[in-house]
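FYI, side chains are in, hydrogens and waters are out, and symmetry mates aren't considered; it's all heavy atoms of this structure. Residue indices begin at 1 and follow the sequence shown.
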Amino acid sequence: MAAALAARSCLELSAAVRGPARRLPELGFTPPGTAPLPARRYGDSAGGFCYRDSAQLAAATRNRFVRWTTSGDTVELVEESLDVNLLNNAVRLRIHGCPLLPGGVHICEVQSHLVILLLTGQTVHRLLLPHPSRLYRSELITESQMQSVFTDIGKTNFRDPVNYCVIPNVPGLASNSVASAAWLSSEGEALFALPSAAGGIFVLKLPPHDAPGAVSVVELKQSSVVQRFLTGWMPTAIRGDCGPSDLPISLSVHCLDHDAFLFALCQDHKLRMWSYKDQMCLMVADLLEFMPVSRDLRLAMGTSHCLRLAFSQSLGLYLGVYMHAPKCGQFCVFQLVSTESNRYSLDHISSLFSSQETLIDFALTSSEIWALWHNEENQTVVKYINFEQNVAGQWNQVFVQPLPEEEVTVRHDQDPRETYLEYLFTPGRFSSAAIQKALQIFSQGTERHMDLTWDELKKEVTLAVESEFQGSVTEYECSLEEFWQLQVEFWSKFYACCLQYQEALSRPLALHLNPHTGMVCLLKKGSLSFLVPCSLVDHLYLLSNEHLLTEDDAAIFDDLEMSRDVVCLVQCLRLIGESISMEMAFLMEMACSRLQPPEKAAEQILEDLIANDTENVMEDIHSKLQEIRNPIHAVGVLIREMDYETDADMERGDAHHLSMRLNLTQLYGSATAGSVVCWGVCKVATIRFLICRDLLVLQQLLLRLGDPVSTALGAIAPRALNSGIWAPAGARLRALSLPIEHWESNLQHLSVLELADTTALTAHRLVSSPQTIVELFFQEVARKHIISRLFLQPNTNLAETSLNWPHLITAIVADFLPLLWPSNPSFLFPECLMGSCQYTQLQEYIRLLQPWCHVNMGSCCFMMGRCYLVMGEGHKALDCFCQAASEVGREEFLDRLIQPEEGEMVSTPRLQYYNKVLCLLDMVGLPELVIQLATLAIMESADDWRSQATLRTCIFKHHLDLGHNSEAYVALTQNPDPGRQLDCLRQLVVVLCERSQLQDLVEFPYVNLHNEVVGIIESHARAVDLMTHNYYELLYAFHIYRHNYRKAGTVMFEYGMRLGREVRTLRGLQKQGNCFLAAVNCLRLIRPEYAWIVQPAPGAVYERPGASPKRSHDGECAAVPSNRQIEILELEDLEKECVLSRIRLTLVQHDLSTAAVAGNSTPEETVALLVRAGLFDTAITLCQTFKLPLTPIFEGLTFKCIKLQLGGEAAQAEAWEWLAANQLSALVTTKESSATDEAWRLLSSYLERYPSQNSLYHRCVINKLLAHGIPLPNWLINSYKEVDAAQLLRLYLNYDLLEEAVDLVLEYVDAVLGKGHRYFGIEFPLSATAPMVWLPYTAIDQLLQALRESTTNHHSIVLYQKLSDKMEDYQQKVSVATRDRLYRRS
């Protein structure tokens, strides 16, 4: 097969930062004792420094380097890393009035410090920074961001005299040479070398930064080994015998352990080597001996010669010399050879010629030379050569990044603003710095647009151009054509400004070569780019014709004939590609983008080529085709070289130590490395697209010629062409920055799919810079896979692995392309786009693949469905999800999607897939689509009742959410799982109740579910708040609808009882009354013998007011009572409860404070409350209903009368309120009565209206009055005398009312004897013919005894005597009447 190329072309890949232009921290210093020099005295320059351990995997300085650019008196230092994003990695130093020498920046690395040495036209400086290995405690590089060595540069005291020195005005110091060198000695001294006009070298020495010492100057001269040291600031002139042509024009230094060799390339074309330690010239070599010399060259002074050194531990020191001659230049490579007695000579290795005119810079390794030129058109030319292997002296090309097009073509059907903005802000064309500078100039303002994001900058550009455009338009009306033309004019003007600054910032200044890793960088004015090897196909296709003709066929393939055939085929493709116009190239791109057959576009291109073939290109192509011996084989070989299809995903190993694996987590993880890799992929894909396009055109040509090769092309090229269309677009397509809420929503969706960890995305990642989607994929996903494959293989010894940039970048790009290639099984790229919320780009990606890519078709359909979901096109998403279902079990992504969780029920793969999609649709909130998909899934689960139950439940839930009550009920009845069916039924009841859609709930037939429905409603009714839910009323309606009146009455009675217990408010009592009325009405609708209900006995249920029927006071489930007492309530009982409820309501309406106790009060308690409230009529009604005594009512009314009699005006006013609530009998009076009078009158009316046995009510009234010491009113005494005078006497005695008792006895005796007998209720007084009469002798005896005992009281004696006389008189008359009666009987 193909052999490795010994030398191959390289590509320039830009790593320019596309984020906001940074405000670099600027440090300034004006050295004392210096006079300002012109800032532009020297030209701009650049350089770089690489760390010693930059190629070691375990080093803190891995893949890190420092680059700088100088301009006038300013140097800008930037630390770069390919592994991590360095923070605070750039600084700008300005030494006022002292322009830096070209190449006057040198960086040296010691164990603990990084030392920066600066040489200006007047001063030298030393800056000490901490070494990166000292900045981090851990040797493991696991963070994506790290601090740079420049983070704390502001703390560096570079104004300290120890760290700078003004170059002394030494006689003989060359003022017209810009050569310089600097290094650190082994003792830590900073040494600066400057050329002397006499051909020697001045060396200025700064003492170590941590040791005292003085600045000294020494001159190295060629003529003598005796040197004179010049100390202080007043040196002595030293004159040598060197001529002015000995002036060094390029200086380099090679450090040894205790010495330093200084190499000086002088104007006399001689190379001199000095030993700083011995301070003598060790060698002089005439370089003209190695050149074809003319007399003019020998006499002319060499002013553009250049010297570079390269050291290898195994090969020694190499010297590379560029000898400039008019219209020609020559590189000479030498190896320093030492002999005995410290004699040195140069061993000539190679001489290489170049026809370029102006050398900008070159770099040397032990085997290669890299050179940077400007040609006659001022274009950048970079070439390199391996001088050891390339005997023919053939330079290898480096294809540099071209500048953007000078003009942007805007078609009439395009908006100029959109076209120019898209072109300007497409990643990879213009840097943000160039656009910002152009914006500042274009807007003619002093404001500097710094720290703007890509989108903010785009907005500012739009505003600036539009405002400029509107300010210049003076006419109010213009045609569309004129408006379009003016827009193009102003946008092209701004584009020209951007192009000018982009060209200035893209001007290369130097090459930077890392000898440890082999990395070569191109340092530009405002950016950085990397040079990477081309692949075989790229190398052949990009080579110029003259180089392609001289390409060694043996270096391509082992088979020489095949190599020649491939070269001839590539030449044909080159001829076609060079002949295709921009319009035709655009035609092919549009055909692929619009999913049109590329063969038709190729046919149109061929017709255009034939029609415009003025240079006989077709004949040249035909003749070249004739030279191909085996065209089908050649085409197949070329296609295979471009094919990145693999059979399986890349494997990874993990047999290495954890620390070594952790060291690899950030390898090539920086934004710079990602940009380089992705632009490499973009270049490869673009070239493959062009090759496939040219192959298709060639196919059309062969079809016309009737060549059988066309059939081979027809089977391969279109697919490869379509494969290549998306990658360049992806490399230029920006990843969108999204708000955090979109990220959170996306992560929720991924959590449903259980893909949140698949692509290892950060939850709060926002794309701040204009990162492309390919860069995003590389940084987040692909890089880890690639690094694992390259390094974590079982047989790899990581501890001894050294990083080689050319090999690694080639391998990374080669491994990255299969991950992007759509025809491979890997589906990581679309998955990454989905995980990063890049749905617009993902949709475009899948759209481009659909017509031709038949791999991962189901996964692509699923991804397209996700895109449609995000875009709000749910029905399209459902179609895509259904299409993807057919591929479940055949594709890796879909298999990962349906992996069951631990403990999850395993069903068929397709049902698992449907479940995932249903969960996703449910989370997005598309119930209609959930129902459709679940209905479809039911057909797949005919034999799986568990899955059917799940799907029926899902359908029920979403029908219910949508308000499709009937459909939800049907889904419920079709559920095969009784448990789920009951859950759904419970949910149906609750939801319809919450929505107040009770009619539907009542009218559903509930076949075989009647008892369950009743149980559910009852349980909810007993478990929820009575005032916020109406489950009892629902249950009542449910039973009424089915004519079950007894159960309906039972429900309402229970409802009313609970209202009394739990809702002790006016509203609760009102509802309670209605409930009891409803219960009564229900029983009245039943035949009398069935008009009864069953109620649990009091105490069995709801023992505590407000208690849960299901749980005890501590929240535990209550035990079910084992022996419930059953109580039968008939219609009469319910009517009584209804009366009680109505009376409670009357009470609470009269006095709201009683609501808390009235709701569940017994009739007795209610009577007491009514009496207290003064509602005596209502209380009497309640007592009569429940057959209760009226005693509490008379006692209460009596007490109120007492209070009124003893109270003041306030009590009188308050009494009228409760008096008005009772029905007073009409009374005609001539004077205005008081409340007290009305109260006594009410009491009197009650005593008359409600007689009692044994005058109980009179007795209780009199008892109450006498107990409070209130004299008995005459009407009461008279009333009671007529009823029970004897009891009145006893009451007088009980309360020691002796005088009243005596008067009562006297009157009583008189009444018995016939005087006023009717006032005591005596019908017949004492006589022999009347019925017998009697007196309460016991009470009278007690009265006499009490009077007899009160002998000390004269009044008592009188009363006693009076009563005794009366009783004696009565006894006599009784005796007479008795004898008469006896006489009559006898």
Sorted by chain and number, sequence neighbours left out, side chain to side chain donor-acceptor pair (under 3.5 Å) with Ser859 holds for Glu891
Distance-only polar pair, side chains of Tyr868 and Asp879, donor-acceptor under 3.5 Å: no
Can you check side-chain contact (heavy atoms from CB on, under 4.5 Å) on Glu775 and Ser675, steps first, answer last? CA-CA 6 Å; Glu775 289 177 359; Ser675 176; 3.7 Å; yes
Decide if the gap between the ring center of Tyr668 and the ring center of Phe778 is smaller than 6.0 angstrom. no
Interatomic spacing from CZ in Arg866 to SG in Cys837 - rounded to 0.5 Å: 8.5 Å
Output for pair (Leu849 CG, Leu595 CG), nearest 0.5 Å, gives 9.5 Å
Among side-chain atoms of Gln401 and Ser14, is any donor-acceptor pair under 3.5 angstrom? no
Distance-only side-chain donor-acceptor flag, Asp944 / Ser947, under 3.5 Å: yes
Interatomic distance, CG@Asn915 vs OG1@Thr950, rounded to 0.5 Å, equals 7.0 Å
Does Ser81 reach the main-chain N or O of Asp83 with its side chain, forming a donor-acceptor pair under 3.5 Å? yes
Student check: side-chain heavy atoms of Met642 and Ile687 closer than 4.5 Å: no
Please check if the distance between the ring centroids of Tyr913 and Phe881 is under 6.0 Å. no
Distance from Gln841 atom CD to Cys867 atom SG, nearest 0.5 Å? 9.5 Å
Looking at Arg896 and Glu831, is any side-chain nitrogen of the basic one under 4.0 Å from a carboxylate oxygen of the acidic one? yes
Could you tell me whether the side chains of His785 and Asp815 share a donor-acceptor contact shorter than 3.5 Å? no
Beyond-backbone contact of Cys682 with Val774, side-chain heavy atoms, under 4.5 angstrom: no
Using 30° and 60° as the class boundaries, would you call the ring planes of Phe530 and Trp805 parallel, tilted or perpendicular? tilted
